[in-house]
Undergrad: 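Got a structure for you, written out below as structure tokens; questions coming shortly.
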Amino acid sequence: MKKQLMGALAVVTFLLAFTPAMPAQGRHPEIQAALDSLRGARAHLMEAKHDYHGHRAEALKHVDAAIHEAETCMAE
């Protein structure tokens, strides 16, 4: 009985060691970090002095789309 209990405890300890913990900041910390970075990139693009032959505006469209997708992810 003692061997079975020790074996079960070893298995539970092993499983807990490899189970990711729920981060304090929410269920999707990687997506939140990406969202923060995307918002920072958007601010830099908005402050850019040049249009770069339309590339800045196009980049803003893509960043806005990425922000929208990340926000949708966070809502789920």
Side-chain angles (χ1 to χ4, degrees):
M1 176 77 171
K2 188 174 180 180
K3 279 186 177 183
Q4 289 176 335
L5 183 59
M6 291 303 288
L9 184 58
V11 169
V12 169
T13 303
F14 177 80
L15 290 175
L16 286 175
F18 291 100
T19 302
M22 183 66 70
Q25 65 211 60
R27 293 182 338 161
H28 307 294
E30 296 88 357
I31 296 171
Q32 183 60 56
L35 198 49
D36 294 342
S37 294
L38 285 164
R39 288 178 177 146
R42 187 180 196 290
H44 285 292
L45 286 167
M46 292 296 290
E47 294 170 5
K49 302 281 187 230
H50 301 284
D51 185 37
Y52 302 100
H53 306 289
H55 293 292
R56 182 177 70 99
E58 195 64 25
L60 277 167
K61 287 181 196 175
H62 292 292
V63 169
D64 286 341
I67 288 171
H68 173 74
E69 291 299 324
E71 288 173 340
T72 300
C73 239
M74 292 294 289
E76 294 178 359

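One is the number of the first residue; the rest follow in order along the sequence.
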Undergrad: Enter the distance from Ile67:CD1 to Thr72:OG1 here, rounded to the nearest 0.5 Å.
TA: 11.5 Å
Undergrad: Looking at Ile31 and Ala70, what are the two nearest heavy atoms and their distance?
TA: CG2-O, 3.8 Å
Undergrad: Any idea which heavy atoms bring Leu45 and Ala59 closest together, and the distance?
TA: CD1-CB, 4.0 Å
Undergrad: Atom CZ in Arg56, atom CD in Glu58: separation rounded to 0.5 Å?
TA: 12.5 Å
Undergrad: With sequence neighbours left out, what residues match Glu69 under salt bridge (Lys or Arg N to Asp or Glu O under 4.0 Å)?
TA: none
Undergrad: Assigning hydrophobic clusters by single linkage (Ile, Leu, Val, Met, Phe, Trp, Tyr; side-chain heavy-atom cutoff under 4.5 Å), is Met46 placed with Tyr52?
TA: no
Undergrad: Mind jotting down which residue pairs meet the ring pair (Phe, Tyr, Trp, His ring centres under 6.0 Å) criterion with at least one end in residues 53-76? Sequence neighbours excluded, please.
TA: none
Undergrad: Under a 3.5 Å distance rule, please check whether Arg42 uses its side chain to pair with a backbone N or O of Asp64 as donor and acceptor.
TA: no
